[in-house]
Amino acid sequence: MRVLVRYVSVMDACGLTVPPSRWRLALARITNRPVPESRVPRILRVRPTRTGLVLRLKLRPGQDAFDVSAASDRLRHSFGMYGVTSRELRSGVVEVRMTGYDVLKRVQMPATAAPRPMRVPVALREDGSVHYRDYRAVPHGLTLGATESGKSVYQRNLVVGLAAQDVALVGIDCKQGVELFPLARRFSALADNPDTALELLEALVTHMEDVYQLIRAQQRISVNVPDAQIAADIWDLPADMRPVPVVVLVDEVAELALFATKDQEKRRDRIVTALVRLAQLGRASGIHLEICGQRFGSELGKGITMLRAQLTGRTAHRVNDESSANMAFGDIAPDAVLAAIQIPTETPGIAVTGDSSGGWARIRAPHTSLRQVVNICNKHADRTPDLPALEPFRPVVAPLSSARVPLSKTASATA
């Protein structure tokens with residue numbers, strides 16, 4: 001009600017009005033009527049949300065979306081809101097999202113955040129909308145952040161969203177497996193040291209080549225086949241012969257790039273080469289990379305910047321210096337660098353996300369304990385696919401014990 005009652009006066013005070021047109025002035029002069037007032041953007045739709053309000057505005061001639069974006073801070077103070085953001089939907093139509101409180105202080109994911117194949121909700125944006133990780137649109141991602149900044153919680157939410165889907169999870173955790181090995185029942189392959197990681201990555205490259213051979217055999221290119229039936233990736237194949245997509249989670253990538261001896265340097269070069277090949281060629285074969293680390297700069301050696309250039313999705317949690325933020329956003333969204341270094345220490349989990357389009361936003365993933373993720377992975381353990389190329393790296397786990405709950409104290413005593 002406050003927004004609707006103050007709408008005209010606030011838009012006029014914020015400079016979001018246009019003078020009346022000439023024909024309206026001429027009509028008022030002819031009919032001897034008062035001079036018409038300036039016109040404000042027309043409200044097409046008002047939609048209340050759990051966190052605030054969403055307005056869809058039709059701009060007047062002479063206005064553009066930048067005018068509304070530049071006045072966002074003035075609109076926030078005038079309407080008494082916590083935050084106001086805007087985005088252009090189409091030519092002449094702008095959506096203004098208003099939040100009444102800090103939605104990142106205590107994250108509550110909406111119940112309507114339904115996942116889709118290869119698209120999972122992982123965090124909440126500062127405007128109240130859900131942040132999705134869509135592997136079909138953004139095949140590979142990079143997550144940076146200092147210690148205790150929230151990278152592990154963000155990764156856990158990714159696993160929670162992917163565990164219920166028909167996807168193969170592959171993990172590389174060189175911290176002796178303390179982060180990913182408790183989730184072993186839902187993973188098709190795991191590696192806990194650089195030597196095993198090298199063999200696993202080369203097996204993934206071999207699997208990728210086999211998938212491309214399958215796609216090529218099923219392309220059915222001829223003059224008698226319509227263009228819509230020609231396959232170029234796994235999503236164009238029939239469902240009964242489509243290979244299962246693979247998501248590779250790399251925890252602390254620096255452990256794969258550091259070396260101290262000549263033999264370790266050779267191993268490191270092979271690891272980076274395999275990662276670059278998967279990043280460049282893996283999308284069509286259904287292989288997606290999700291790489292986490294504290295730093296991802298050129299000091300890790302040759303090939304690292306080439307790998308970073310292939311990682312389209314960027315997420316930066318709290319970092320210790322500006323150069324670390326530049327590693328994530330310096331080449332795609334320079335404005336996000338300042339936002340990344342301003343994340344306070346007492347709010348772990350808050351991050352800045354961006355992509356190659358130049359846009360960025362502040363997000364925060366809901367806190368998910370390791371126990372919760374383990375329970376979800378155990379629940380969906382039957383969805384773990386068997387990939388022949390990754391069978392040597394399949395974690396060996398004991399069968400789940402069926403715990404019996406006694407019906408009464410007498411039954412418990414008898415047992």
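Note that the structure is a prediction, hence the values are computed from the model and not measured.
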Which residues pass the side-chain hydrogen bond (donor to acceptor under 3.5 Å, both in side chains) test with [X], not counting sequence neighbours?
| X | value |
| --- | --- |
| Thr196 | Asn193 |
| Arg97 | none |
| Ser129 | Asp127 |

Please say whether more than 12 non-hydrogen atoms of neighbouring residues, nucleotides or ligands are located less than 6.0 Å from [atom1] in [X].
| X | atom1 | result |
| --- | --- | --- |
| Phe66 | CZ | no |
| Arg50 | CZ | yes |
| Arg277 | CZ | no |

Within residues 315-325 or reaching into it, pairs that qualify as salt bridge (charged side-chain N to carboxylate O under 4.0 Å, His left out) - sequence neighbours excluded: Arg295-Asp321

Salt bridge (charged side-chain N to carboxylate O under 4.0 Å, His left out) partners of residues 77-93, not counting sequence neighbours, each pair once: Arg87-Glu95

For [X], which residues count as a salt bridge (Lys or Arg N to Asp or Glu O under 4.0 Å) partner, sequence neighbours excluded?
| X | value |
| --- | --- |
| Arg125 | none |
| Asp102 | none |
| Arg76 | Asp73 |
| Asp233 | Arg283 |

Please tabulate, for the side chains in residues 139-150, all donor-acceptor contacts under 3.5 angstrom to protein atoms that are two or more places apart in sequence or on a different chain.
{"from": "His140", "atom 1": "ND1", "to": "Leu289", "atom 2": "N", "distance (Å)": "3.0"}
{"from": "His140", "atom 1": "NE2", "to": "Ala279", "atom 2": "O", "distance (Å)": "3.1"}
{"from": "Thr147", "atom 1": "OG1", "to": "Gln294", "atom 2": "NE2", "distance (Å)": "3.3"}
{"from": "Ser149", "atom 1": "OG", "to": "Ala146", "atom 2": "N", "distance (Å)": "3.3"}
{"from": "Ser149", "atom 1": "OG", "to": "Ala146", "atom 2": "O", "distance (Å)": "2.6"}

Identified side chain to side chain contact (heavy atoms under 4.5 Å, CB included) partner of Ile234 from the options Val244, Ile287, Ile215: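 Checked Val244, Ile287, Ile215 against Ile234; only one passes side chain to side chain contact (heavy atoms under 4.5 Å, CB included): Ile215.
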
Partners passing ring pair (Phe, Tyr, Trp, His ring centres under 6.0 Å) against Tyr135 (at least two apart in sequence or in another chain):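 In terms of ring pair (Phe, Tyr, Trp, His ring centres under 6.0 Å), with neighbours along the sequence ignored, Tyr135 is linked to His288.
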
Donor-acceptor contacts under 3.5 Å from residues 344-352 side chains, at least two apart:
{"from": "Thr347", "atom 1": "OG1", "to": "Pro344", "atom 2": "O", "distance (Å)": "3.2"}

Sidechain-backbone polar pair: Arg6 side chain, Ser78 backbone, donor-acceptor under 3.5 Å: yes

Donor-acceptor contact present, side-chain Arg383 to main-chain Arg186, <3.5 Å: no

Charged N-O contact under 4.0 Å between Arg270 and Glu202: yes

